[in-house]
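Each remark here refers to the structure printed beneath this line.
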There are 2 protein chains.
Amino acid sequence: MAGVSTATVTRALSSPEVVRPATRERVREVAASLGYHPNRAARGLITGRTGNLGLLVPDLANPFFPSIVKGVQGRAHEADHAVFLADTDEDPAAEAGLVRKLAKQVDGMVLCSPRMAEAELRELAAEVPTVLVYRRIPGVPSVTAEFLDGMRQAVSHLVALSHKKIAYVAGPRSSWANRERVRSLRAVTRKSEVELTEFGNVAPQFHGGVSVADSVLASNVTAVIAYNDLVALGLLHRFAARGVSVPGDISVLGFDDIPLAEMVHPALTTVALPKEEAGQAGVDLLLDRKPAVRRELPTQLMVRGSTGPAR
Amino acid sequence: MAGVSTATVTRALSSPEVVRPATRERVREVAASLGYHPNRAARGLITGRTGNLGLLVPDLANPFFPSIVKGVQGRAHEADHAVFLADTDEDPAAEAGLVRKLAKQVDGMVLCSPRMAEAELRELAAEVPTVLVYRRIPGVPSVTAEFLDGMRQAVSHLVALSHKKIAYVAGPRSSWANRERVRSLRAVTRKSEVELTEFGNVAPQFHGGVSVADSVLASNVTAVIAYNDLVALGLLHRFAARGVSVPGDISVLGFDDIPLAEMVHPALTTVALPKEEAGQAGVDLLLDRKPAVRRELPTQLMVRGSTGPAR
DNA sequence: ATGATCACTGTAAACCTTTTCATCAACCGA
DNA sequence: TCGGTTGATGAAAAGGTTTACAGTGATCAT
């Protein structure tokens, strides 16, 4: 319709500088009037790139992940990429299969807190360009957060409030994030006067917190740091049910800063982890194709109502 | 490698019955040993089908949507389809663009609570096979819930608790779901002794509930039904801050049944809407290609701590 | 032995782009 | 005037699969 060959059309649309302005405009107008959009599948066939990204999350129902997905999604669209989403329902066995299935139609995968074993993860990373978010293994690009610094902020806050005995409610033993938190917490408390008691491991969910709340109360701690906000909310819930005052009787501190954290009463003091930013950074790493980069994003203690002076 | 043509390979893999068993097995073994998987893009080029689905949600940060996404995702994978996810960030203007961008690489789109105008929606539905979830317009397949019945359950519950004056906090005027709820509520209360006062419209979020809480208190209602759970949680939060007892002084009822609803204290009584089921039903409608089917899923009142006898 | 039928398999076209290479005209400097 | 550049364009190949059609050989009935 524009009186040119398909070659010129493709050039007018994807490398505008190489075609004469008059021709270019003519082609573009005709294309627009026809509602023509290049077929991405056909393009991918020859370029080898699909313009698609894959995103794997363990469980979208966990409020920590939707924000990350938003970050990935947003940045990907800015870069004109579409996003395949796969939710593994916390099944480590399903992860590799899903990744491989998607692998052929994506330029790269963002693996969010993958639960699978390190060896398998490394294999996958060799097959598809991969970026890990909230997991770190040597040689694979990853985005994580400064857990150590976050923990330092949390403990300083409690120390400033005169807490001497604090508890940590541990998440799943197999979780990389939990291992990191334990490690950071031990490192931080070792240098201070604080006495640390560890509970768990519990499921990283509301009911995990509920189930361990009474044990925590029975110990003589004045503050408790939970593996994550959901567990902290479970603690708060059970404490409220038992008539225990927060922060009067005990201070509660979470990790993640999910949206619910400021919706409950008292609002939850928590260490905010970057979520959208982590998703965005993951996409950046993937598209930049830098070799094995590692990014650590800052964390931020959000002081709210659930922490107060030690009783 | 199997000593056959590509045509036989493709047949051995996708229409096994038409090729001689011995050949079929040979081909399959070689394929497996080579780690061969058909290239979906190339296949899509000729079959016209991609094996992909598109899913559009207004805002993944709204806890109502992740469950729907899980439903879509799960059912799609069962049917061997991958899912593109697009989050519009509540921007109605962005919706059409995203749909069109994805349209070429999907067999169909699931549009979740789309905010765009009906006319535009109808145009899109003509371009791509489309299923609406939590929105209904004539002629387009859709999945919704029995709002009327849900409202009836809610009001009956309040009536049984002797409430005579109840409030409704309305969501966005432009929201289809809000219009449906108002309509249902009016229909239900008209037949009963209950006096209805309407507040709003507020943003369908936590702060929306917070901001309208004092007005609700100032009226003389003994119960309030919120547009959705987030708004209800905002009400609860503000009530707690003002020392108002729930359900002692006022009963609060939400809509949706998001996970947070049972995590707060008191836990929120709410009308549960099907979420995962809705997502699954959406995919089913899309893949079955029935003409313009309309499915209405049941709703269920979840009685929890936030409702009690009228004071 | 011949022709028809059948089950299976191969050939080649088609899907829609992008990209390499070639072509062509216009322009430049000598 | 001419060889060399340059810029714009077209022709054709390539990418991996599916499918309509044609072909092959075996089996069977005549």
Side-chain angles (χ1 to χ4, degrees), chain A residues 1-52 54 79-82 84 100-108 127-129, chain B residues 1-52 54 79-82 84 100-108 127-129:
Chain A
M1 265 191 67
V4 296
S5 70
T6 60
T8 300
V9 173
T10 198
R11 279 189 286 248
L13 298 175
S14 40
S15 356
E17 70 287 355
V18 76
V19 56
R20 196 155 53 101
T23 317
R24 183 204 313 152
E25 285 319 309
R26 190 154 31 93
V27 170
R28 296 203 149 178
E29 276 166 27
V30 173
S33 79
L34 258 49
Y36 169 85
H37 290 279
N39 178 320
R40 296 185 86 144
R43 165 183 296 175
L45 207 51
I46 181 157
T47 61
R49 279 169 308 105
T50 59
N52 297 332
D80 213 34
H81 282 240
F84 279 115
R100 291 214 166 82
K101 213 155 116 187
L102 251 37
K104 287 291 168 51
Q105 13 185 18
V106 300
D107 296 340
E127 298 173 26
V128 206
Chain B
M1 265 190 66
V4 297
S5 70
T6 60
T8 301
V9 173
T10 198
R11 279 189 285 251
L13 298 176
S14 40
S15 350
E17 72 286 356
V18 74
V19 58
R20 194 154 55 101
T23 317
R24 183 204 313 154
E25 286 318 310
R26 190 154 32 91
V27 170
R28 296 202 149 181
E29 277 165 26
V30 173
S33 79
L34 258 46
Y36 169 86
H37 290 278
N39 178 321
R40 294 185 89 144
R43 166 181 296 174
L45 207 51
I46 181 153
T47 59
R49 277 170 309 101
T50 60
N52 298 331
D80 212 34
H81 282 242
F84 279 115
R100 292 215 167 82
K101 213 155 117 186
L102 252 38
K104 288 291 169 51
Q105 17 185 14
V106 301
D107 296 342
E127 297 173 27
V128 205

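To find a chain, count down the sequence lines: A is the first, B the second, and so on, and within it residues start at 1.
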Rounded to whole Å, the CD-P distance (B:E17 to C:dT9) equals 13 Å
On a heavy-atom basis, the closest approach of A:Q105 and B:A82 is NE2-CB, 4.2 Å
Taken to the nearest whole Å, CZ/B:R24 to C1'/C:dA7 is 13 Å
Using a 4.0 Å heavy-atom cut-off, does B:T47 contact any base of the nucleic acid, only the sugar-phosphate backbone, or nothing at all? sugar-phosphate
Taken to the nearest whole Å, CD1/B:I46 to P/D:dG15 is 17 Å
Side chains of A:P38 and B:K104 in contact at under 4.5 Å (non-hydrogen atoms):
no
inquiry  = Applying a 4.0 Å non-hydrogen cut-off, can you work out what B:V9 is touching in the nucleic acid: base, sugar-phosphate, or nothing?
reply    = nothing
From the candidates D:dG15, D:dT17, D:dG10, the one with an atom nearest any side-chain atom of A:A7 is D:dG10
From the candidates C:dC15, D:dG15, D:dG10, the one with an atom nearest any side-chain atom of A:T8 is D:dG10
Give a yes/no answer on whether the side chain of A:T23 brings an N or O atom under 4.0 Å of OP1 or OP2 in D:dA8. no
The answer to which of A:R26 and B:S15 contacts DNA chain D further toward the 5' end, by nearest nucleotide, is A:R26
To the nearest angstrom, the CZ-C1' distance between B:R40 and D:dG15 comes to 18 Å
**Message:** Do B:R24 and B:R28 have side chains that approach each other closer than 4.5 Å (heavy atoms only, starting at C-beta)?
**Reply:** yes
Inset, instruction - May I ask you to evaluate whether B:R20 reaches the phosphate of C:dT9, defined as a side-chain N or O under 4.0 Å from OP1 or OP2? - result: yes
Checklist entry - A:R11 near the nucleic acid: base, sugar-phosphate alone, or nothing, with a heavy-atom cut-off under 4.0 Å? => result base
* Asked: Tell me, do A:Y36 and A:V30 make a side-chain contact under 4.5 Å, heavy atoms counted?
  -> no
Here the distance between atom P of D:dG16 and atom CG of B:L34, to the nearest Å, is 14 Å
Here the distance between atom P of C:dT9 and atom CD of B:E25, to the nearest Å, is 12 Å
note: B:R43, atom CZ; D:dT19, atom C1'; distance rounded to Å ~ 13 Å
Between NE2 of A:H37 and P of C:dT17 the distance, given in whole Å, is 11 Å
Quick check: do A:K101 and B:D80 have side-chain heavy atoms less than 4.5 Å from each other?
yes
Closest to the side chain of B:Y36, out of D:dT17, D:dG10, C:dT17, is D:dT17
Contacts of A:R49 and A:L45 projected onto DNA chain C by closest heavy atom; the upstream (5') one is A:L45
